[in-house]
Colleague: 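The following block contains the structure, expressed as structure tokens.
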2 protein chains.
Amino acid sequence: MTTSIDREVESRLAEQDVRYTRGRRMVVAGLSSAGGPLSAAELHAGVGNELPLSSLYRSLAVLEEAGVLAPHHGTKGLTRYELAEWLRGHHHHLICTQCGAVEDVAVTDRHESQVERVVDEISSAASFTPVSHALEIEGRCARCT
Amino acid sequence: MTTSIDREVESRLAEQDVRYTRGRRMVVAGLSSAGGPLSAAELHAGVGNELPLSSLYRSLAVLEEAGVLAPHHGTKGLTRYELAEWLRGHHHHLICTQCGAVEDVAVTDRHESQVERVVDEISSAASFTPVSHALEIEGRCARCT
DNA sequence: TCTATAGTGAGAATGGTTCTCAATCAGTAA
DNA sequence: TTACTGATTGAGAACCATTCTCACTATAGA
Ligand SMILES: [Mn+2]
Ligand SMILES: [Mn+2]
Ligand SMILES: [Zn+2]
Ligand SMILES: [Zn+2]
């Protein structure tokens, strides 16, 4: 099945003369259907341990380099990846300190513009040029309350 | 030299029957005088490679457990630590994508209350119980512009 | 002082991630 | 189609931040 995200990734990679191979498609598909960022190990398990780990890691690196994926450095010794914002849309994260789950959360335009105003004011006061921001909320998820 | 932070850490550890030893003091001192979170390797170098790495890592773990330090998972394969918020005060981070530096940035009460309102609204919409938040701004620092 | 417990340091072990290299695949030209 | 060429893959070794082990030392309390 070819989704719309698949098609967008396809053309993005074509622009950069990077092939959209079977393994890379599996990674994108795995992350497309996830509710939050996934680690290499989680992706590996998610595809029934097809796709060798070395290839999986290489695919993650290639797709990150191509701007298709964004790394998310969460808990200790583990990098999780998610689709880049131009594919999935901007969002923030709810991180459960109990079970460790990271959940995507959409954000309204009103909230987003408020956050952006704060980001811009903080940045300009520090002579910093902001490119993006991440608002991460830690606490207890609905299941762990 | 015994700073005020030193005294606060001292009593916090005393409450928990955890000794405030030479190595632990070196870690707290190193982080007190830093402008952002530091990794184990950075701390190690900062004290002239006194304090063996195994002891340094153990001190970081003990101080984190005691609530004196907070880990910051920023870059790949590297955990940086900073003083907990009750010691250093709440702040946010400017992360330079060019040089990798992480800089603390103070936040005004007005900004903070705006951010907190957004955090609360996002959380309650997701049945999430927020405990803390982190606003991380990525971009170029003044030096790398 | 004696004893029990906490802390230390050197090095081994662990585990996520990256690297190596030979084999295979995909695009291109003849 | 066939031959050529560079990209991609997979198995395993290597890497490196972090954690563990264990014998030794320091400290607090009886
Ligand atoms: Mn996400
Ligand atoms: Mn900080
Ligand atoms: Zn949870
Ligand atoms: Zn910089």
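First the proteins, then the strands, lettered A, B, ... as listed; each starts at 1. Heavy atoms only: backbone and side chains are in, while hydrogens, waters and symmetry mates are out.
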Colleague: Side chains of A/H90 and A/E116: donor-acceptor distance under 3.5 Å anywhere?
Modeller: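 The criterion, which ignores hydrogens and geometry beyond distance, is not satisfied for A/E116 and A/H90.
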
Colleague: For B/V68, is there any backbone N or O sitting under 3.5 Å from a side-chain donor or acceptor partner on B/W86?
Modeller: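 Not confirmed, B/W86 side chain does not pair with B/V68 backbone.
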
Colleague: If you measure only the distance, is there a donor-acceptor pair under 3.5 Å linking the side chains of B/H133 and B/E112?
Modeller: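 Yes, side-chain donor-acceptor contact under 3.5 Å.
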
Colleague: Quick test of your reading: applying salt bridge (Lys or Arg N to Asp or Glu O under 4.0 Å), list the pairs with at least one residue in residues 43-62 of chain B, sequence neighbours left out, ordered by first then second residue.
Modeller: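 As it turns out, there is no salt bridge (Lys or Arg N to Asp or Glu O under 4.0 Å) pair with a partner in residues 43-62 of chain B once direct neighbours are skipped.
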
Colleague: Measuring from the side chain of A/R19 (C-beta onward, heavy atoms only), which nucleotide among C/dG7, C/dC25, C/dT17 has the closest atom?
Modeller: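 Side chain of A/R19 sits closest to C/dC25.
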
Colleague: Give one of base, sugar-phosphate or nothing for B/R22, where a contact means two heavy atoms less than 4.0 Å apart.
Modeller: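 If one applies the 4.0 Å heavy-atom cut-off, B/R22 turns out to touch nothing in the nucleic acid.
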
Colleague: Just verifying a value: how many Å separate B/L31 CG and B/Y81 OH, rounded to the nearest 0.5 Å?
Modeller: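 One finds 10.5 Å between CG of B/L31 and OH of B/Y81.
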
Colleague: Reading DNA chain D in the 5' to 3' direction, which nucleotide is the first one with an atom under 4.0 Å from a heavy atom of chain B, and which is the last?
Modeller: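 The contact span of chain B on DNA chain D goes from D/dA17 to D/dT27.
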
Colleague: Rounded to whole angstrom units, what separation is found between the CZ atom of A/R80 and the P atom of C/dT17?
Modeller: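 Value for this atom pair: 10 Å.
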
Colleague: In Å, rounded to the nearest 0.5 Å, how long is the span from NE2 of B/H91 to CG of B/L83?
Modeller: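 If I round to the nearest 0.5 Å, the distance is 9.0 Å.
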
Colleague: May I ask you to list the residues of residues 41-70 of chain B, by number, that have any heavy atom positioned under 4.0 Å from an atom of DNA chain C?
Modeller: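 Going residue by residue through residues 41-70 of chain B, the ones with a heavy atom under 4.0 Å of DNA chain C turn out to be B/P52, B/S54, B/S55, B/R58.
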
Colleague: Measure from CZ on B/R25 to C1' on C/dG7 and round the result to the nearest Å.
Modeller: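 Checked: the CZ to C1' distance equals 14 Å.
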
Colleague: What integer distance in Å separates A/H72:NE2 from C/dG16:P?
Modeller: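 Atom-to-atom, A/H72 to C/dG16, this comes out as 19 Å.
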
Colleague: Over all strands shown, is A/S39 touching base, sugar-phosphate only, or nothing at heavy-atom distances under 4.0 angstrom?
Modeller: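 No contact at all - A/S39 keeps every heavy atom at 4.0 Å or more from the nucleic acid.
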
Colleague: Measuring from B/S123:OG to A/H92:NE2, what's the distance to the nearest 0.5 Å?
Modeller: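 B/S123 atom OG to A/H92 atom NE2 measures 11.5 Å (nearest 0.5 Å).
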
Colleague: Roughly how far apart are B/R140 CZ and A/F128 CZ, rounded to 0.5 Å?
Modeller: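 Between B/R140 CZ and A/F128 CZ, I get 9.5 Å after rounding to 0.5 Å.
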
